[in-house]
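Everything on this sheet refers to the single structure shown next.
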2 protein chains.
Amino acid sequence: MLNLDQLAAFVSVIDLGSFTAAAEKAGLTQPAVSLQVKLLEQRLGVRLIERVGRRAQPSPAGLELLEHARRILEGCATAEEAMAPYREGAIGRVRIGSGGTASIHLLPRAIAAAKKRMPGLEIIVRIGNTDDILRDIEANRLDLAVVTLPASGRSLEIEPFYHDELLAVAPKGSSMPTAGPDAEFMRDKTLMLYEGGNTRRATDNWFMAAGIRAEPAMEFGSVEAIKELVAAGIGWSILPSMAVNGGSSAVLTTSPVRPRLVRELGMAMRRDKHLTKGLREVIRCLREV
Amino acid sequence: MLNLDQLAAFVSVIDLGSFTAAAEKAGLTQPAVSLQVKLLEQRLGVRLIERVGRRAQPSPAGLELLEHARRILEGCATAEEAMAPYREGAIGRVRIGSGGTASIHLLPRAIAAAKKRMPGLEIIVRIGNTDDILRDIEANRLDLAVVTLPASGRSLEIEPFYHDELLAVAPKGSSMPTAGPDAEFMRDKTLMLYEGGNTRRATDNWFMAAGIRAEPAMEFGSVEAIKELVAAGIGWSILPSMAVNGGSSAVLTTSPVRPRLVRELGMAMRRDKHLTKGLREVIRCLREV
DNA sequence: TCAAAAGAATTCCTTATGCATTGCATAGGA
DNA sequence: TCCTATGCAATGCATAAGGAATTCTTTTGA
């Protein structure tokens, strides 16, 4: 393999016309530079510098190598410069996987905060179900997951960071028990439940605890669609508070259920994940939400 | 100053997806490669490889460095190669790719002529199909290709240099129309055609022009094999004249077909190929064939 | 001003070892 | 029966220490 120090020494000698001068510039002694050039010549099997009289001039081969060498050295400089933004943290990429609800109502805030601190940060959000996302985390196709707990995986590290209460949601003006509706109360309603993995499981368990089996009239994969349906008076639902705490109070009536029902969101990463500046920033912003 | 060994180690690890594999390929131990990459990362102040579980993947920064590194390493290879013609003693080496027929009947003459002028010239011939050879030309694994035209490639320069007529070939003593056999005449014969890319295509077109679809009884990848079969009286064929103009007139009857059918051979090189003395010589001898 | 030789310093590689992840096997629970 | 959990062997990378090789400096000569 060629050696960049040797190439640089060679170029410098030609440019300055002297081994001694090149040595001085490089902070070395003259014999060191002589040796570098000599080794390069040996390596290529070609005489590169004609030591004639006082000035060091390139041989024909040296002349041609000069062009190549300059290009190579310039390429190295360019490469080094290209790395600087990454070092400063001015550039980076964080790939986040998340369920649909969090993507809409929770991530944007965190992402906005992170972007404010690191404007060059590139953030990619992939929406999917928990299993797929965790698989991508394990395969390092994603850097960070935001999922509803519980979640497991031997190579994963999971950090709960947000409690989100599930609320009973009814059309505007519906009568709601003051202590909050319980399972008994809800069973008579036309129920539309969100067909998300852990969120749905939590809901089922809540009914189950009261000895009731949840029998939703409809199941939807989209919280937003359910909100529309409830607002239209089709029926009731139980939805994450983060999804209904926006401007929807004008068309929906919400209340905590009895006993209260909370789902926990967590961040998941590979245990051995290397924390880049950008990733660290995003995690910090998520914790602060 | 950056270090080419480190860059090469880094690229190799990414390409092979493993430190251990890269080490093996480089004839080193795994810790050596780990160290190379680590030093490179320290030097640039950036994480380059995500050691995720069992696989090694490039980080965003690594991905960008990868492009630079490849360019730099290729530049080094080019530079080294450019020095070869200046090297004393070794006159050079020319790597030629060619189809089977040309390799047997055309190249030897040209090579002999070149060797006569430059006795020290080292010549390597690789036989293969046009696609593979052109790919090797583009990748600079070959210096010069001799292929049947048409051939194309963005980075290739192609120079036609030889017209080779395709002849009808029959067992010795077969009656041949004086004006030469046409497609109509040939269709009744037991046909054995050479299964080469452009040569075969030219033959098909010749039949097609007469409104006849070539229906060979057999197809062979070897012209020599077909000659044997024709000589044994199995059937007729249409073969490059260069393949049957040798000592085969004792066992074969040949004739130009009507209308005449000619295939064109060309030389192909990378457009930016540096012409060494040896390469120039070989090209000259090929033109003179 | 450059080249050559000998000793010194540094770099780089190898061996040995530890830690983490992974895949498979076996056992337990819904 | 299927899914989940736990233990074990295997694999791959990181680290540390010793040693080989390279590369530098000093000195001297042309």
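These values consider heavy atoms only, across backbone and side chains, with no hydrogens, waters or symmetry-generated copies. Each chain gets a letter, A, B and so on, in the order its sequence line appears, and its residues count up from 1.
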Query raised in the report: When rounded to the nearest 0.5 angstrom, what distance separates NE2 in B:H68 from CG in B:L63?
Result: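 The distance works out to 10.5 Å.
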
May I ask you to evaluate whether [X] reaches the phosphate of [N], defined as a side-chain N or O under 4.0 Å from OP1 or OP2?
X     : N      : result
A:K38 : C:dC2  : no
A:S18 : C:dT1  : no
B:T20 : D:dG12 : no

Query - Between A:S241 and A:E165: side-chain donor-acceptor atoms closer than 3.5 Å - result: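 A:E165 and A:S241 do not have a side-chain donor-acceptor pair below 3.5 Å.
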
Query raised in the report: With a cut-off of 6.0 Å (strictly less than), are more than 12 heavy atoms of other residues, nucleotides or ligands near NZ of A:K38?
Result: no

Requested in this report: Step through the shown structure and confirm whether more than 12 heavy atoms of other residues, nucleotides or ligands are within 6.0 Å of CZ on A:R271.
Outcome: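 Atom CZ in A:R271 is packed in, count exceeds 12.
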
Could you give the [atom1]-to-[atom2] distance, from [X] to [N], as a whole number of Å?
X     : N      : atom1 : atom2 : answer
B:E50 : D:dC13 : CD    : C1'   : 15 Å
B:I49 : D:dG12 : CD1   : C1'   : 13 Å
B:L16 : D:dC13 : CG    : C1'   : 16 Å
A:M1  : D:dT22 : CE    : P     : 16 Å

Report task. Could you go through the side chain to side chain donor-acceptor pair (under 3.5 Å) check for B:Q30 and B:S34 one step at a time? Result -> CA-CA 6 Å; B:Q30 169 263 312; B:S34 283; 3.0 Å; yes

Query - nucleotides 8-22 of chain C: protein proximity per nucleotide (B base, S sugar-phosphate only, - neither; heavy atom, under 4.0 Å) - result: ----SSBBB----BB

In residues 73-83 of chain A, what donor-acceptor pairs under 3.5 Å come from side-chain atoms, sequence neighbours left out?
| from | atom 1 | to | atom 2 | distance (Å) |
| --- | --- | --- | --- | --- |
| A:T78 | OG1 | A:E74 | O | 2.8 |
| A:E80 | OE1 | B:R43 | NH1 | 3.4 |
| A:E80 | OE1 | B:R43 | NH2 | 3.0 |

